[in-house]
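Notes follow once the structure below has been shown.
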Amino acid sequence: MATPAPSGSAQVEATPENPESSVLMRGLSGSIAIVAACTGAVAVFTTENQVGTAALLAIGAYFAITTLIGRFPRLKLGENEIDPSEFWAIKKTVVATTTGLAETKDQLQEAKAETDEKIGQIESEVSDLNDRVARAFLSSMSEPMWHNLAKLGSGSFGHYVMGKALDRELRYLRDVGYIDVRSIAQIPAEGDDLSDWVDVTRTGRDFIALRNEIARADAH
């Protein structure tokens, strides 16, 4: 329950978490009040230091009041005033701010986790798209042309007979940069090894390697 405060002073909420209303606080302030009052009473008869004696009695009275009302009352010294309730207000503000920062941190971590998950999904989708595009591109070459390019890539094409189809395929493979040949027109109409006249470029070998890789993946 809340302890009524004098007019003009702050109301103090008596909760287990509030040190102002705790049993420990009352015990400590009561002990200080007794010690200060007894010391001041003794000093009245044993010393001529009236200022010190008055200070001890004032301290004893202050902590006695604290023990009775369960909170630290305001203390006014001349033009200066000390309000202990302001300390607890600041403490509550700090605790609330700390709690808010902790909640914000948790929210940021959750948002980061969600963002990382979405990024992972997007990367997976992009990877699948790239794979489909690569498959479509590599599969766009007709089987006869692919067969001839693979044979040229082996370095030993073997016997050949130049016809319209082979001539057309060689010209296409040269135009896209897969083979290197001085002049298709100078290639004999028939020969023991077409590889004597045609070389596969690095781009052509990369194409062969990628298509073979896809073929092995599909086989499994």
Side-chain angles (χ1 to χ4, degrees), residues 13 15-18 86-220:
E13 184 181 359
T15 61
E17 294 80 12
N18 193 336
E86 295 179 356
F87 168 78
W88 304 117
I90 294 173
K91 179 182 178 182
K92 289 180 180 179
T93 301
V94 172
V95 171
T97 302
T98 303
T99 302
L101 290 175
E103 293 175 353
T104 301
K105 179 182 178 182
D106 293 339
Q107 293 173 355
L108 290 175
Q109 290 177 341
E110 292 177 0
K112 180 179 182 299
E114 293 178 359
T115 301
D116 291 342
E117 182 179 357
K118 291 180 180 179
I119 291 175
Q121 293 176 351
I122 293 173
E123 289 178 345
S124 178
E125 292 174 359
V126 170
S127 178
D128 292 341
L129 178 61
N130 289 337
D131 184 64
R132 291 196 297 271
V133 171
R135 286 175 177 272
F137 170 71
L138 294 172
S139 301
S140 63
M141 183 179 291
S142 66
E143 285 299 322
M145 186 181 298
W146 159 246
H147 179 68
N148 287 333
L149 177 60
K151 286 175 65 178
L152 287 170
S154 69
S156 180
F157 184 92
H159 182 267
Y160 71 94
V161 175
M162 287 293 294
K164 291 183 179 180
L166 181 58
D167 182 274
R168 183 172 58 253
E169 291 174 359
L170 291 177
R171 292 182 185 277
Y172 172 81
L173 293 173
R174 180 192 61 186
D175 292 342
V176 296
Y178 291 166
I179 63 172
D180 184 20
V181 55
R182 289 185 178 181
S183 174
I184 294 177
Q186 293 180 357
I187 298 176
E190 184 177 356
D192 294 333
D193 192 353
L194 185 60
S195 295
D196 293 338
W197 301 91
V198 180
D199 294 323
V200 177
T201 64
R202 175 175 294 181
T203 302
R205 294 188 184 281
D206 290 341
F207 181 92
I208 293 171
L210 289 173
R211 181 146 176 170
N212 285 333
E213 181 178 342
I214 289 180
R216 287 192 296 269
D218 291 341
H220 290 82

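- Taking the salt bridge (Lys or Arg N to Asp or Glu O under 4.0 Å) definition, one finds that Asp192 meets it with nothing, sequence neighbours left out.
- Salt bridge present: Arg171 and Asp167 bring a charged side-chain N and a carboxylate O closer than 4.0 Å.
- Salt bridge Glu143/Arg211: present, at least one basic N to carboxylate O contact under 4.0 Å.
- Sorted by first and then second residue, the pairs that involve residues 145-156 and meet side-chain hydrogen bond (donor to acceptor under 3.5 Å, both in side chains), not counting sequence neighbours, are Asn148-Glu169.
- Nearest approach of Ser195 to Leu152, heavy atoms of both residues: OG-CD2, 4.1 Å.
- Contact annotation: the side chain of Met162 approaches that of Ile184 to within less than 4.5 Å [non-hydrogen atoms, C-beta and beyond].
- Annotation: the span from Ile187 atom CD1 to Asp196 atom CG amounts to 10.5 Å, rounded to 0.5 Å.
- Considering NZ of Lys118 and CG of Asp116, their distance stands at 11.5 Å, rounded to 0.5 Å.
- Thr97 contributes a side-chain N or O that, together with a main-chain N or O of Thr93, makes up a donor-acceptor pair within less than 3.5 Å.
- Residue pairs meeting the salt bridge (Lys or Arg N to Asp or Glu O under 4.0 Å) criterion with at least one partner in residues 178-190, sequence neighbours excluded, are absent.
- Under a 3.5 Å cut-off, the side chain of Ser127 and the backbone N or O of Glu123 do not form any donor-acceptor pair.
- Between Leu149 and Ile179 the shortest side-chain heavy-atom distance falls below 4.5 Å.
- Side chains of Leu170 and Val181 form no contact here, defined as non-hydrogen atoms less than 4.5 Å apart.
- Inter-residue side-chain proximity for Val200 and Tyr178 is flagged as unmet; no heavy-atom pair is nearer than 4.5 Å.
- At most 12 heavy atoms of other shown residues, nucleotides or ligands fall within 6.0 angstrom of atom CD in Gln186.
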